[in-house]
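Down below is the structure, laid out as structure tokens.
Letters A, B, ... are given to chains in the order of the sequence lines, protein chains preceding strands, and every chain is numbered from 1.
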Amino acid sequence: MEENKAKETEDNTNWKAWYGFVILFFAIQVGFYAWLTEFFS
Amino acid sequence: MSGIDWAVLLGTLGLIVGYGTYMTRKSDGLEGYLKGGSDMKWLTIGLSVMATQASAITFISTPGLAYENGMEFIQNYFGLPIAILIVCVVFIPIYYRLKVYTAYEYLEQRFDVRIRLITASLFMLSRGLAAGITIYAPAIIISVMLGWSLELTILLVGILVIVYTVSGGTKAVSLTQKWQMTVILLGMGIAFGILLNRMPEEVSFLGALDLAGASGRMNVVDFSFDFSKRYTFWSGITGGLFLALSYFGTDQSQVQRYLSGKSIKESRLGLLFNALLKIPMQFMILLTGVLVFVFYQFEAHPVLFNKAAVQTAQESKYKAEFQDIENQHQQFHEEKKAAYLDYAKQPTDAKKETLLALDKKAKSVRDQAREVVLKADPDQSSRDSDYVFLTFILNYLPQGLVGLLIAVIISAAMSSTAGEINALSSTTMVDFYQRFSKTKKSDTQSVNLSKWLTLGWGILAIIFALSAQLVENLIEAVNILGSVFYGTILGVFLTAFFLKKVGSRAVLIGIVVGQLTVFVLFYYEAVGYLWFNVIGCAIVMIVSYITSLFSSKPEQS
């Protein structure tokens with residue numbers, strides 16, 4: 001448990017930025033798919 | 001298949017299985033066997049998670065779905081990125097902190113052993129049956145199209161999976177999945193390129209999309225609030241979210257993949273890889289199906305793609321009726337081809353109307369053919385779209401690449417089956433055997449027992465596959481089966497995480513009420529299957545919470 005705690009503490013990744021990027025990428029995709037639907041319908 | 005195809009197929013499968021078995025030949029003890037030594041990097045985890053989810057059905061059925069109904073199925077995956085974010089934020093830190101081998105271990109610490117065993121059993125029931133379908137579904141299609149024996153195809157896939165999964169455990173599964181996924185992506189990319197290359201000269205890529213749109217196949221997103229539609233943005237973002245949350249957060253076949261990570265960071269990045277790439281991957285597979293549709297507007301094709309169904313009709317007393325429909329289809333094809341070429345040269349709204357009308361007529365001809373097949377043999381699968389993509393591969397890909405694409409399909413079947421039987425054996429070992437065994441076993445003995453359990457689950461999956469009946473819609477059958485149990489399992493986990501005052505007795509009542517409700521809804525087909533996940537989960541949480549309010553005795557939490 002201690003070892004895992006240490007691994008968790010060592011992690012200085014900016015997770016909020018990663019999660020934000022995932023949501024942004026998803027939103028862009030939905031926008032693109034909506035445009036495709038509209039454009040080719 | 002030619003000799004080159006056989007060499008490519010057997011070479012690809014042999015190399016991957018040999019690699020997985022060789023690289024994991026040394027035993028790392030029980031932790032190594034069940035958790036892969038906890039040293040996997042994010043890319044291996046990411047590809048392994050993707051390979052576990054993407055079964056052979058994904059690569060056979062999905063293009064067929066797009067051929068028949070367009071791109072709307074993509075919306076089923078819209079909840080996935082959000083679900084993965086929730087797993088990264090809530091589930092993974094808890095699993096790591098408690099150093100669990102299976103997701104269900106956590107439930108004993110939070111509630112009691114009964115809840116752990118019930119959820120582990122629900123997982124084993126649904127995943128055990130699904131493992132059989134995962135092997136059976138591609139085997140039936142491959143055997144019909146290539147003329148192989150169904151039983152031998154099932155045995156080939158099943159035995160190859162058993163070889164490396166038993167021998168190397170979780171590490172072998174993850175390592176082979178990495179290469180299987182690489183072969184899959186490469187093969188699908190090549191198929192896509194060849195498809196574009198074989199379009200008529202008058203039809204560019206954008207022109208093909210335009211033709212697909214004119215035939216109602218570019219319906220990617222539907223924002224309407226129509227609950228009778230199976231796939232809309234809203235059903236994907238709600239029902240799809242719950243399905244994905246349950247799958248990635250509580251299904252041991254996925255939990256085991258990311259718990260093999262070197263650290264929380266690697267596990268999270270592996271999952272985020274899927275949050276980013278899963279929808280684009282599905283989009284490309286569906287687009288391949290749409291392009292196959294456009295391609296077949298210019299190339300002659302049989303009225304039905306399922307050779308076995310055609311043969312059934314041709315050998316029955318309805319032979320003449322079927323022949324009439326086939327003739328009608330051939331004549332009609334020329335008319336359709338001319339109309340599509342005309343639209344490709346100069347698109348107008350009036351011509352678009354013509355294309356839509358022609359597509360409607362084409363569907364009606366195919367429906368008539370299916371009806372004749374069903375009259376000839378009511379047990380014959382009437383779903384023809386599963387055979388569309390494989391027909392294209394076999395008829396239009398050059399020698400060698402046919403073998404590669406068959407390797408893609410078999411690799412996909414193997415990778416998801418391996419993940420499933422690996423997880424089933426871990427759950428049996430950790431949540432049942434180790435939990436109740438009174439004798440302390442050495443590490444070697446435990447590894448050996450795990451290997452026997454993996455072998456047992458592998459054999460059971462083969463037996464299920466051999467005794468499976470034809471299911472109408474292969475890809476949906478797996479999702480429906482999962483959705484019947486997933487809602488309840490997810491409800492238990494979310495109650496554990498977020499309703500801190502609810503104890504084991506209350507959640508037990510919640511499980512019973514939630515699961516019974518889903519069974520009733522399933523039996524009466526009251527709602528679309530994606531909603532089972534939402535309803536099952538919500539009922540477990542609400543009933544558990546209300547019961548805990550009326551509970552006179554303070555409960556363990």
Within-4.5 Å side-chain heavy-atom neighbours: [X] and [Y]:
X        : Y        : answer
B/Leu269 : A/Trp18  : yes
A/Phe40  : B/Leu206 : yes
B/Phe78  : A/Tyr33  : yes
A/Phe26  : B/Ile237 : yes

Q: Could you list which of residues 272-284 of chain B have a heavy atom closer than 4.5 Å to any heavy atom of chain A, in residue-number order?
A: B/Leu272, B/Ala275, B/Leu276, B/Ile279, B/Pro280, B/Phe283
Q: May I ask you to list the residues in residues 214-221 of chain B that approach chain A closer than 4.5 angstrom, counting heavy atoms only, ordered by number?
A: B/Ala214, B/Met218, B/Asn219, B/Val220, B/Val221
For [X], does the [atom1] atom have more than 12 heavy-atom neighbours from other residues, nucleotides or ligands under 6.0 Å away?
X        : atom1 : value
B/Phe223 : CZ    : yes
A/Glu38  : CD    : no
B/Lys363 : NZ    : yes

Q: Side chain from CB out, backbone as N, CA, C, O: work out which of these in A/Tyr19 comes under 4.5 Å of a heavy atom of chain B, or both, or neither.
A: both
**Q.** chain A interface, residue from B/Leu209, B/Val89, B/Leu80, B/Asp210 that has the most non-hydrogen pairs under 4.5 Å
**A.** B/Leu209
Q: Report the distance from atom CD of B/Glu72 to atom OG1 of A/Thr37, rounding to the nearest 0.5 Å.
A: 10.5 Å
